[in-house]
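Below you'll find the structure, written out as structure tokens, and then a few comments.
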Amino acid sequence: MTPAFVVSPYSAEWPDIFRGIQEALLGVFSPLVVAIEHIGSTSVPGLAAKPVIDVLLGAQSLADIESRIGPLGERGYAYVSKYEREIPMRRYFVKPPGASLRVHLHGVELGSRIWREHLAFRDALRGDADLRAQYQTLKLRLAEEFADDKSGYTDAKGPFIRSVLAVADESRRT
């Protein structure tokens, strides 16, 4: 039986793939002011990851993001509204793999809690080799344990992520 997902060794190509995605998205959103960041495990050098490029798009408002649903669809991004009940302050899009990797686009308000937390977690992993190693060990163990349950895998990473964010929040306050 094929696992529901695969965790791959880090690839030096991932940042280059992101830059191409970023450039294309800036064109979609022009002339609106947006910020586009590479998040998720593929954004952390040396970290094993599911081969999915996670992109954080920060706009002035959710309405700005919603105004580009059509143009994003024309570029292969499917708008997935079903998660808005759980995360109402995010607009989520998926671009299936084609010539490149699968892309998950998380559209949020610039500076929002979701924006800050995604960047804080990424930056903590980028800045601390021991933390990155702990997370990788956890991910590899959970990938085996939850090989056929992607949401179980994601949920099981939650306590680690929350603990990293709590430390980052405490550091920011002091």
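When a residue number appears, it is its place in the shown sequence, counting from 1. Here the structure is a predicted model, which is why all the values come from computation and not from measurement.
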Does the ring center of W14 lie less than 6.0 Å from the ring center of Y10? yes
Report yes or no: does K157 contribute a side-chain atom to a donor-acceptor pair with the main-chain N or O of L138 at less than 3.5 Å? no
Q60: what forms a side-chain hydrogen bond (donor to acceptor under 3.5 Å, both in side chains) with it, not counting sequence neighbours? none
Any side-chain to backbone donor/acceptor pair from Q22 onto I36? Under 3.5 Å, distance only. yes
Is a donor on one side and an acceptor on the other found under 3.5 Å between the side chain of R68 and the backbone of D64? no
Is the Lys NZ or Arg CZ of R90 less than 6.0 Å from the centre of Y92's six-membered ring, within 45° of the axis? yes
Please collect all side chain to side chain donor-acceptor pair (under 3.5 Å) contacts where either partner lies in residues 43-55, sequence neighbours excluded, each pair once. D54-H106
Got a donor-acceptor contact below 3.5 angstrom from the R102 side chain to the P96 backbone? no
Please check: side-chain N/O of S163 versus main-chain N/O of F160, any donor-acceptor pairing under 3.5 Å? yes
Keeping the roles fixed (side chain from Q136, backbone from A48), state whether a donor-acceptor pair exists under 3.5 Å. yes
Are the side chains of V55 and H38 in touch, meaning some heavy atoms are under 4.5 Å apart? no
So does K150 get a backbone contact from the side chain of T154, meaning a donor-acceptor N/O pair under 3.5 Å? yes
Are any side-chain N or O atoms of S112 and backbone N or O atoms of V108, one a donor and one an acceptor, separated by less than 3.5 Å? no
When you look at CD of E145, are more than 12 heavy atoms from neighbouring residues, nucleotides or ligands closer to it than 6.0 Å? yes
Should the ring pair F121 and Y135 be called parallel, tilted or perpendicular, given that the plane angle runs from 0 to 90° and is split at 30 and 60? perpendicular
Check side-chain hydrogen bond (donor to acceptor under 3.5 Å, both in side chains) between D155 and all other residues, then give those that pass, not counting sequence neighbours. none
